[in-house]
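The structure under discussion appears below in the form of structure tokens.
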Amino acid sequence: QVQVVESGGGLVQAGGSLRLSCTASGLTFDDYVMGWFRQVPGKAREGVSSIRANGSIIYYADSVKGRFIISRDNAKNTVSLQMNSLKPEDTAMYSCAAGIESRYLVSYNYWGQGTQVTVSS
């Protein structure tokens, strides 16, 4: 059974930093693109960033470029999201997912439960 588990969320002040981590098990980690998403109640899920197995970046949302950094450690089956210069607008439930890349899109097969990030002003 595949399991995807996030950690590292919490409450921080605007301008602060937080590092999220995600560990996947029950799959061949090197076969998967890993992505971070976020969602607030009443709004659609938003893609934050995604990274290929070889470490190359697929995507950063414009709203986080220059502030967030995605990375992965295949030896540990983990992907991380370093979040700097946090803004209240970054407040959301952050989820990690594993997917397969095609020419047009990434199909995310496995999802974690999410970790809450709250940024106060």
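Values reported hereafter were calculated over all heavy atoms of this structure, with side chains retained and with hydrogens, waters and symmetry mates removed. Position 1 is the first residue of the sequence, and the numbers go up from there. Please read these numbers as outputs of a predicted model, since none were measured by experiment.
A distance of 9.5 Å separates OG in Ser25 from CD in Gln1, rounded to the nearest 0.5 Å. In this structure, OH in Tyr32 is found 4.5 Å from OH in Tyr110, a value given to the nearest 0.5 Å.
The two residues Met83 and Tyr94 make their nearest non-hydrogen contact at SD-CE2, 4.0 Å. Taking each heavy atom of Thr91 and Val40 in turn, the nearest pair found is O-CG1, 3.1 Å. When all heavy atoms of Ser95 and Gly114 are compared, the pair lying nearest together is OG-CA, 3.7 Å. Residue Leu27 comes nearest to Ala98 through the heavy atom pair CD2-CB, 4.1 Å, listed as atom of the first residue, atom of the second, then distance. Nearest heavy-atom pair, Cys22 versus Met34, reported as atom, atom and distance to 0.1 Å: SG-CE, 4.2 Å. In terms of heavy-atom proximity, Asp90 sits nearest to Val119 at CB-CG2, 4.3 Å.
Under the 4.5 Å side-chain heavy-atom criterion for grouping Ile, Leu, Val, Met, Phe, Trp and Tyr, Val4 is connected to Val117 within one hydrophobic cluster. Cluster membership for Ile58 and Ile69, using ILVMFWY side-chain heavy atoms within less than 4.5 angstrom, is not shared. Side-chain heavy atoms closer than 4.5 Å link hydrophobic residues (I, L, V, M, F, W, Y) into clusters, and following such links, even through other members, never connects Val106 to Ile51. Hydrophobic clustering, with ILVMFWY side chains joined whenever heavy atoms are under 4.5 angstrom apart, keeps Val33 apart from Val2. Using a 4.5 Å cut-off between side-chain heavy atoms of Ile, Leu, Val, Met, Phe, Trp and Tyr, with links allowed through other members, Leu86 and Val48 fall into the same hydrophobic cluster.
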Exercise for review: Could you please spell out the steps behind the side-chain contact (heavy atoms from CB on, under 4.5 Å) verdict for Leu105 and Ser107?
Suggested key: CA-CA 6 Å; Leu105 54 84; Ser107 297; 3.3 Å; yes

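Counting only residues at least two apart or on different chains, the side chain to side chain donor-acceptor pair (under 3.5 Å) pairs with a member in residues 46-63 are Arg38-Glu46, Arg38-Ser63, Arg52-Ser56, Arg52-Glu101, Asn54-Ser56, Asp62-Lys65. For residues 37-57, the pairs satisfying ring pair (Phe, Tyr, Trp, His ring centres under 6.0 Å) are Phe37-Tyr108, Phe37-Trp111, with sequence neighbours left out.
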Ignoring hydrogens and angles, write down the donor-acceptor pairs under 3.5 Å from the side chains of residues 9-20, residues two or more places apart or on other chains.
| unit_1 | atom_1 | unit_2 | atom_2 | d |
| --- | --- | --- | --- | --- |
| Ser17 | OG | Asn84 | OD1 | 2.9 |
| Arg19 | NH1 | Gln82 | OE1 | 3.2 |

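With Asp73 contributing its side chain and Thr78 its backbone, the two residues share no donor-acceptor pair below 3.5 Å. Remark: side-chain polar atoms of Gln113 are not paired, donor with acceptor, to backbone N or O of Glu6 under 3.5 angstrom.
Cluster partners of Val5, using a side-chain heavy-atom cutoff of under 4.5 Å among ILVMFWY residues and allowing indirect links: none. When hydrophobic residues (I, L, V, M, F, W, Y) are linked wherever their side-chain heavy atoms come within less than 4.5 Å, Met93 remains an isolated member.
With sequence neighbours excluded, no residue forms a side-chain hydrogen bond (donor to acceptor under 3.5 Å, both in side chains) with Asn109.
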